[in-house]
2 protein chains.
Amino acid sequence: MQYHEEGFRPGDPSLHPALEGGDAQPDKVDVLIVGCGPAGLTLAAQLSAFPDITVRIAERKPGPLEVGQADGIACRSVEMFEAFGFAEKVVKEGYWVNEVTFWRPGDDGSPLVRADRIKDVEDDLSEMPHIILSQARIHDFYLDIMRKSPRRLAPCYNRELLSVVRTDDPDFPVTAEFSCHDEDGKTETIHARYVVGCDGARSRVRTAMGHALKGESARQLWGVMDVLPRTDFPDIRLKCAIQSASAGSVLIIPREGGYMVRLYIELDELEDGERAADRQVTPELLIAKAQEILSPHTFDVAEVAWWSAYEIGQRVCDAFDDVSETERGTKHPRLFIAGDACHTHSPKAGQGMNVSMADAFNLGWKLAAVLRGTAVPLLLDTYSEERRAKAQELIDFDKDMARLFSAKPKNAAEAELFQKYFQKHGRYTAGVETCYAPSLITGVPQHQALAKGLIVGKRFHSALVARLADAKPMQLGHVLKADGRWRMFLFANAGDIGQPDGPIAMLCAFLASASGPVRRVTPPAANIDSVVDVRAVFQQPHREMNLGGLPALLLPTKGALGLTDYEKAFCPAEGGPDIFDLRGIERERGAVVIIRPDQFVAQVLPMDATDEISDFFGEVFTAV
Amino acid sequence: MQYHEEGFRPGDPSLHPALEGGDAQPDKVDVLIVGCGPAGLTLAAQLSAFPDITVRIAERKPGPLEVGQADGIACRSVEMFEAFGFAEKVVKEGYWVNEVTFWRPGDDGSPLVRADRIKDVEDDLSEMPHIILSQARIHDFYLDIMRKSPRRLAPCYNRELLSVVRTDDPDFPVTAEFSCHDEDGKTETIHARYVVGCDGARSRVRTAMGHALKGESARQLWGVMDVLPRTDFPDIRLKCAIQSASAGSVLIIPREGGYMVRLYIELDELEDGERAADRQVTPELLIAKAQEILSPHTFDVAEVAWWSAYEIGQRVCDAFDDVSETERGTKHPRLFIAGDACHTHSPKAGQGMNVSMADAFNLGWKLAAVLRGTAVPLLLDTYSEERRAKAQELIDFDKDMARLFSAKPKNAAEAELFQKYFQKHGRYTAGVETCYAPSLITGVPQHQALAKGLIVGKRFHSALVARLADAKPMQLGHVLKADGRWRMFLFANAGDIGQPDGPIAMLCAFLASASGPVRRVTPPAANIDSVVDVRAVFQQPHREMNLGGLPALLLPTKGALGLTDYEKAFCPAEGGPDIFDLRGIERERGAVVIIRPDQFVAQVLPMDATDEISDFFGEVFTAV
Ligand SMILES: Cc1cc2nc3c(=O)[nH]c(=O)nc-3n(C[C@H](O)[C@H](O)[C@H](O)COP(=O)(O)OP(=O)(O)OC[C@H]3O[C@@H](n4cnc5c(N)ncnc54)[C@H](O)[C@@H]3O)c2cc1C
Ligand SMILES: Cc1cc2nc3c(=O)[nH]c(=O)nc-3n(C[C@H](O)[C@H](O)[C@H](O)COP(=O)(O)OP(=O)(O)OC[C@H]3O[C@@H](n4cnc5c(N)ncnc54)[C@H](O)[C@@H]3O)c2cc1C
């Protein structure tokens, strides 16, 4: 953590000094967020990092979520939490999914045997584990960030969105009307520059946008319960997929705290027009079903902490903003939707919360950049483009996944196939396979060979390094904070130690020169790393480096006090595997890796690609 | 983290349900703590774990510490923080001391060269790093634990202890009088079963006890300042010992946040009767001195965050309780002192805060056990015994350390000696060398060969294992929570997988049998692990084990709901180094390791040493 940059301040460094009057709740705001689920809170936490942006977040319910709903947190989401600054809390409180076992009737006629046992997450897929933790706790952590932000952002509870319309107002072109549940009958009107509907599967913002949900009309009924069990089933603390001979199947997900488990029980498909409530599912029914499936193992329930029965359709919305295909490029989007408001799918792959947060993380920095005037307005069109493609892929994957869990390999060859299949899907559910297509903010990967393991369009894959100035072993990816900044990692070639006239020094001089792509986009009074943060990774052990000899851009003077930032240069971690090897970086040539504010690799370029760097930033940024 | 044991409870698992009326501030308490420094807060946090113990903690100052004082947190203290549940916060916010460099005039006549550069902490000395973080933040973390405890314990500020006396009251035999600074003139009287003076170097509780401080009267004057520097000194983000040719020496300690550093500057010795204030030290003087020493490097100060000039005598108190040598064994101690109240020494080795916290950690569980009636009263005598020996050792070490920092190796052989010397001292300052002598609670190490790396009398040295039930890779030492429980680790022999009639199963059956040492000390209605928590470590990979086949003591049924605790059995970590190898555990015979509530190894025994185990616990515990 870096702090005291603007002078010493005692106390909790994550508690930002309050902006005077910053916690006012004006009726004209930059961004209005509807809904306090994972999507809405991710967006609110992201926007709260910018004191110059005003935000309202409204929620129909009377207060924060306390129990239930999603619990699966993919590795990729934990990486994102690290960027927000609370990964360590999730890792501490949550259950770690380390292995998965598969149970089915044995070939010898025994009712249930452990047929397979595999690692849940491949080695070096992510520096973070796969976690199970209540959605309510994730909400708490986001709320904490908002509360500690300069504006002390807090949700407005008891506010139900009634309608949202675009108007001709040039400054605040969207008007939203709310009913205030705590002041009966009263309505409240909010004017906003942008409105984001994070209002779940029955989104009113989506309805207002006029797009349709497309997909299967067949809807699966699911039962889910969080229970404190008493059982002699030996894998009760492992994630298990259990297929009984004739009683159906259950997915067991151990929960945080060491005692609780979640069971997902697939029920029947609903008929047309039928709703989940019509089937009169009860916890007793779910327990009985679980007992049947797990038999001959005992399975008693000491307490049901939460349960639900719900229907799932696999659907996705046409577009995630209020611009139709024909208007794209000519009309500027003002309404957006994120999370369940855009897509619905089964909970089997544990993607609901993760994909919803990823939607919002994709949108947040873009809204901030356009509102703050640093990026071109066209940037906002990339949101719907990128995330709609992802949602479609998820729906397809979800169908695959359903097949996967009911697959029964019949021989060794089939079992191997199944294993491979599961591994591929493991990467996908870990959230690290998302790959954005070339666009304004993602380059065409012509130089991918320079860094084979840092794929253009995918999230930056972290690895261990040593920080030069203080020899600290750390994950390089953990410098990618959720602060709206772009980043460039300059991977030095074998001979380069940052010496004057070396490739790193020359590139740094170019980037920071008066007409250089970094300097040009940085406001004159701001720190040189405030818009694009440049860091370098050298191949030499840190003890062989000369810190003082680094180019100025890698030892920048910052803040009102003119202090030096010593955290821009890195070397291979001692003893650990070398990041150049791990990520396939060309040792002879080095590589420039441009990273978006949402941690996705925007481009990989050679060290001398000054024109390409200028062009890339030239298109995204408005020069200052 | 284990929670939901007594039923599902939403929200922050570290926030305990409040005890009704638990936050009352009665004038009769079990323990009165005087002083809110690191010693007082460690003790208060420890005691707050027991809802049945009433505590007051009084502090003269009007509120919590905000700046300054100690900042060095040894690996051992971070291990202890893990037991209290906040290590991850310290590791996140703090500066990591990874390397130390030594600067002195060069042989070639250059004024200052980097003569040595070494690792600060040996590999596998501790699973925790050496951290620098403001004492004020450590206070905050303790206060947070207290605030979340069942009694919502909070300090009484503005209370200055005036006097403390032993009375004839059989129940509350100590009376303490306070002046209330916030209600002028008012005094307050508190009656307590025990009073612990954590009231610093000028302790009134110590005075009341009638013991003398012994040691050198020569007192060294020290200047210390936390500054935001502007400098071209390249090692400003490394811990450095710098000896100039003639301007004196300085110790640089980089601080948390990436910008601040602390400088310790040795000033002159004070004459008899002289006080620090007499020398009129100013920050300007300290800065000028630092500039002189660091020359020819530039060194400007943008801001002084905190500074102090203080005198240090190397002294230690005769005894740490109110029992004289002649009374020992016949008189029960009622007054104790901990921390700076018992010992003072230079800040060079960075031990002040660490040793003070370790004092309190040693005392806390003992007070709790005697108050709750689980242990014999004699247990309290071991506090003064153990910690006084430690303090004396520290004083001796402190003198050594002073020599170390002024040593100037003249050739390669001397340099190597110096390196070795530093390594030895590194272990000491890391806090892991404390070794308690045989006593009521520390056995005579007759079977040390069974576990060569788990030294009787030293803290349990953690290593990576995999938890059997959920395959989680984790540090075995992290199950040693600060909850007042004793623990036994049963390291299985090579063939033992917990099968019936195997050594582990037989020992477990014995321990839990009606007259067994674990059952005998456990109240009938309490969980079987509530006084002595037994865990096992097997040699087989976890995938080759059969969880269901474990003895009942390793799958205990707990709480009102009768849930199974699945976290008692461990296996070697996959891929990682094997704990049996790392800690030198006899594979053919296995070993029983008994661990005290403060994480110290009490005894190492063979698997069949049922009598020795019974005898050991029989002496410490009062049977229920
Ligand atoms: C009852 C339930 C059970 C679930 N169980 C599981 C599960 O077992 N496993 C799993 O993986 N996923 C589960 N999910 C799905 C998972 O919770 C979602 O995928 C995830 O929460 C999506 O996040 P979101 O922010 O997009 O939407 P949501 O979390 O649905 O948040 C939307 C928020 O908007 C609010 N809102 C809606 N309309 C309005 C309005 N007009 N005005 C103001 N506020 C409004 C809602 O009250 C809600 O707080 C469940 C969802 C629900 C609702
Ligand atoms: C000004 C100062 C600067 C220091 N600087 C350094 C440093 O640079 N490096 C370093 O390693 N160590 C430093 N130390 C030492 C380090 O802070 C101590 O070793 C450590 O705090 C000891 O902890 P403690 O809890 O025993 O005592 P303290 O931290 O001294 O706490 C004692 C507490 O008791 C309170 N108290 C005292 N008398 C009474 C009374 N009669 N009634 C009620 N309350 C009372 C005090 O106000 C204080 O809060 C410094 C200490 C001080 C005081």
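In what follows, every chain begins at residue 1, and chains take the letters A, B, ... in the order their sequences are listed.
- Taking the ring-ring contact (aromatic ring centres under 6.0 Å, His included) definition, one finds that A:His16 meets it with nothing, sequence neighbours left out.
- Within the 4.5 angstrom heavy-atom criterion, no atom of A:Asp123 approaches chain B.
- Around atom CD of B:Glu66, no more than 12 heavy atoms belonging to other residues, nucleotides or ligands sit under 6.0 Å away.
- Heavy atoms closer than 4.5 Å to chain B are found in both the backbone and the side chain of A:Gln2.
- Note that CE of B:Met1 and CD of A:Glu93 are 5.5 Å apart. Values are rounded to the nearest 0.5 Å.
- Considering every non-hydrogen atom in both A:Leu563 and B:Ala302, the closest pair reads CD2-CB, 3.8 Å.
- Of the listed residues (B:Glu574, B:Arg467, B:Arg137), the greatest number of heavy-atom pairs within a distance under 4.5 Å of chain A belongs to B:Arg137.
- With B:Lys92 contributing its side chain and A:Gly85 its backbone, the two residues share a donor-acceptor pair below 3.5 Å.
- Neither the backbone nor the side chain of B:Thr557 comes within contact range of chain A; no heavy atom of the residue lies under 4.5 Å from a heavy atom of that chain.
- Most heavy-atom pairs under 4.5 Å with chain B: of the set A:Tyr95, A:Tyr566, A:Phe233, A:Trp306, this distinction falls to A:Tyr566.
- Of the listed residues (A:Gly548, A:Pro473, A:Pro254), the one with the most heavy-atom contacts under 4.5 Å to chain B is A:Pro473.
- Closest non-hydrogen pair, A:Leu238 versus B:Ala469, comes out as CG-O, 3.5 Å.
- Counting non-hydrogen atoms of neighbouring residues, nucleotides and ligands closer than 6.0 angstrom, the CD atom of B:Glu122 exceeds 12 such neighbours.
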With side-chain contact (heavy atoms from CB on, under 4.5 Å) as the criterion, how do A:Glu99 and B:Arg543 come out once you've worked through the C-alpha distance, each side chain's angles and the decisive distance to 0.1 Å? CA-CA 10 Å; A:Glu99 294 187 349; B:Arg543 293 190 188 182; 2.9 Å; yes

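- Checked by atom type and distance alone, the side chain of A:Arg230 pairs as donor or acceptor with a backbone atom of B:Leu561 at under 3.5 Å.
- The closest side-chain heavy-atom distance from B:Asp226 to A:Phe8 is not below 4.5 Å.
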Might you work through the side-chain contact (heavy atoms from CB on, under 4.5 Å) test for B:Tyr3 and A:Glu256, ending with a clear yes or no? CA-CA 8 Å; B:Tyr3 45 99; A:Glu256 63 270 22; 3.0 Å; yes

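- Both the backbone and the side chain of A:Ala471 come within less than 4.5 Å of a heavy atom in chain B.
- Proximity to chain B (any heavy atom under 4.5 Å) is shown, for A:Ser14, by neither the backbone nor the side chain.
- Neither the backbone nor the side chain of A:Pro64 has a heavy atom closer than 4.5 Å to any heavy atom of chain B.
- Here CG of B:Leu228 is found 11.0 Å from OG1 of A:Thr564. Values are rounded to the nearest 0.5 Å.
- With chain B as partner, the option from A:Ala136, A:Gly7, A:Gly258 having the largest number of non-hydrogen pairs under 4.5 angstrom is A:Gly7.
- Between chain A and the residues B:His4, B:Lys472, B:Arg255, the largest count of heavy-atom pairs under 4.5 Å involves B:Lys472.
- Ranked by non-hydrogen atom pairs under 4.5 Å with chain B, the options A:Pro229, A:Ala305, A:Ser134 are led by A:Ala305.
- Between B:Asn98 and A:Asp470, the shortest heavy-atom contact is ND2-O, 3.0 Å.
- Residues B:Arg237 and A:Leu547 form no side-chain contact, since every pair of their non-hydrogen atoms from C-beta on lies 4.5 Å or further apart.
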Stepwise side-chain contact (heavy atoms from CB on, under 4.5 Å) check, B:Lys558 with A:Tyr259: CA-CA 10 Å; B:Lys558 289 168 69 175; A:Tyr259 295 101; 3.7 Å; yes

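- Only the side chain of A:Glu567 comes within contact range of chain B, judged by heavy atoms closer than 4.5 Å.
- Using a 4.5 Å cut-off between heavy atoms, A:Leu555 makes no contact with chain B at all.
- Here A:Gly257 is the residue among A:Gly549, A:Pro13, A:Gly257, A:Ala560 with the most heavy-atom pairs under 4.5 Å with chain B.
- Interface residue B:Asp565: backbone and side-chain heavy atoms are both found under 4.5 Å from chain A.
- A 4.5 Å side-chain heavy-atom check between B:Lys89 and A:Glu88 finds every atom pair outside the cut-off.
- Contact annotation for A:Asp235: neither backbone nor side-chain heavy atoms come within less than 4.5 Å of a heavy atom of chain B.
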